[in-house]
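Below is one structure; the comments refer to it alone.
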Amino acid sequence: MDLLAPLPELRPRRPRGLVNEVVESLGANIREGYLKPGTKLPTESAIMARFDVSRTVVREALSKLQASSLVETRHGIGTFVLEQHDADDFKITPEDFATVADVIQMLELRISLETEAAGLAAQRRTDENLQAMAAALKAFQESIEANSDAVQPDFQFQVEVARSTGNRHFTDLMAYLGTMIIPRTRVNIIAHTKEDRISYLRRVNLEHECIYNAICMQDPDAARAAMRTHLSNGRERLRQGQNSHTQESLTGVS
């Protein structure tokens, strides 16, 4: 049975607008009561077929809905509609990333949380977890070669580390925050030349590989150190850009 309201009349679609199209339609279904609290959303495949979009678009859209506290994903079960909370409840929104200082503060929060997550992942990871992390690393490298910003595989690697902890709260937090935690989605920290951009992204993925190797070796201390180094490097890159006044304005990516 189709749980969603009828789609509006089709309009010409722009590739960059596909995620927002899915977010707006599903969000409207929730707000207008077609999808009630506790209802399980259709599967990714069903949403892909309904909107004629890729799995990547669907996952990004679901991440945005989670960031808006409209849904939550329960690993291995599905994605469910949430009760709408009072405005005073704690939340982090794209508006909380309005300045470079805001992004630095988020990195400081991530350092405290994801450093411990990496240590737990090293203790608890499964072969399946390692395969998922390795796939994210490969996708990152392929994105670099395809001249992409590699945001989605970057975020996916962080999600897989969180999932490897075996503690769903780490995974739920990452899903709630979505790709907006990746600094380059909020500020332009990559130099304009292709060579500098590739060098930057390769350096980021090399840091991911260090985290992966420590988790693979089941070395919690090395995993914590690698994650702390990775996130601290991101923070320092932002600080250096800010201090030298070379940091560019916000990109406006949501």
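Taking the side chain as every heavy atom from C-beta outward, L109 and S112 approach each other to under 4.5 Å. A heavy-atom distance below 4.5 Å is not found between the side chains of R202 and L206. Contact of the K64 side chain with the V19 side chain is registered, since non-hydrogen atoms from C-beta on lie closer than 4.5 Å. For the pair L65 and V23, the minimum side-chain heavy-atom distance is below 4.5 Å.
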Review item, side-chain donor-acceptor pairs of residues 135-146, under 3.5 Å, at least two apart:
| unit_1 | atom_1 | unit_2 | atom_2 | d |
| --- | --- | --- | --- | --- |
| Q141 | NE2 | E145 | OE2 | 3.4 |
| S143 | OG | A139 | O | 3.0 |

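Between atom CD1 of residue I47 and atom CZ of residue R55 there is a gap of 10.5 Å, rounded to the nearest 0.5 Å. If you take CD1 on I211 and CZ on R228, they are separated by 12.0 Å, rounding to the nearest 0.5 Å. Note that CD1 of I215 is 11.5 Å distant from SG of C210, once rounded to the nearest 0.5 Å. Distance check, rounded to the nearest 0.5 Å: CZ of R203 to OG of S199 gives 5.0 Å. Taken to the nearest 0.5 Å, the CD atom of E60 stands 9.0 Å off from the CG atom of N20. For the atom pair CG (L107) and NE2 (H230), the distance works out to 8.5 Å, reported to the nearest 0.5 Å.
No chain of hydrophobic side-chain contacts below 4.5 Å, direct or via other Ile, Leu, Val, Met, Phe, Trp or Tyr residues, connects F80 to L82. Grouping the Ile, Leu, Val, Met, Phe, Trp and Tyr side chains by contacts below 4.5 angstrom, directly or via other members, places L120 apart from M227. Both L113 and V159 belong to a single network of hydrophobic side chains, linked directly or stepwise wherever heavy atoms of I, L, V, M, F, W or Y lie under 4.5 Å apart. Clustering ILVMFWY residues whenever any of their side-chain heavy atoms sit less than 4.5 angstrom apart, transitively, puts V151 in the very cluster that holds L231.
A side-chain hydrogen bond (donor to acceptor under 3.5 Å, both in side chains) check over residues 209-219, counting only residues at least two apart or in different chains, returns nothing.
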Side chain to side chain contact (heavy atoms under 4.5 Å, CB included) between Q66 and D172, worked out: CA-CA 9 Å; Q66 290 176 84; D172 289 348; 5.8 Å; no
Stepwise side chain to side chain contact (heavy atoms under 4.5 Å, CB included) test for S164 and V161: CA-CA 5 Å; S164 299; V161 172; 5.6 Å; no
Please determine whether side chain to side chain contact (heavy atoms under 4.5 Å, CB included) holds for the pair R74 and R168, giving the CA-CA distance in whole Å, both sets of side-chain angles, and the decisive distance to 0.1 Å. CA-CA 8 Å; R74 302 170 191 168; R168 69 176 181 84; over 6 Å; no
C216 vs M133, test: side chain to side chain contact (heavy atoms under 4.5 Å, CB included). Steps then yes/no. CA-CA 10 Å; C216 188; M133 279 185 276; over 6 Å; no
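Nearest heavy atoms, A61 versus V22: CB-CG1, 3.6 Å. In plain terms, the two heavy atoms of L62 and V71 that are nearest each other are O-CG2, 4.2 Å. Closest of all the heavy-atom pairs between K40 and G78 is CE-CA, 3.9 Å. When all heavy atoms of F157 and H208 are compared, the pair lying nearest together is CZ-O, 3.3 Å. For the residue pair N29 and S25, the shortest heavy atom distance occurs at ND2-O, 2.7 Å. When every heavy atom of I111 is checked against every heavy atom of S232, the shortest pair comes out as CD1-OG, 3.7 Å.
Although no hydrogens or angles enter the test, the distance criterion places a donor-acceptor pair under 3.5 Å between the side chain of T165 and the main chain of A162.
Remark: R163 fails to qualify as a cation-pi partner of F170 under the 6.0 Å distance and 45° angle criteria applied to the six-membered ring.
Side chain to side chain, E207 and N233 meet the donor-acceptor criterion of an N or O pair below 3.5 Å.
With sequence neighbours excluded, the residues satisfying salt bridge (Lys or Arg N to Asp or Glu O under 4.0 Å) with R59 are E44. Residues satisfying the side-chain hydrogen bond (donor to acceptor under 3.5 Å, both in side chains) test with R110, not counting sequence neighbours, are E114. Q123 pairs by the side-chain hydrogen bond (donor to acceptor under 3.5 Å, both in side chains) definition with nothing, not counting sequence neighbours. By the side-chain hydrogen bond (donor to acceptor under 3.5 Å, both in side chains) test, N167 is found to be paired with no residue, residues two or more places apart in sequence or in another chain being considered.
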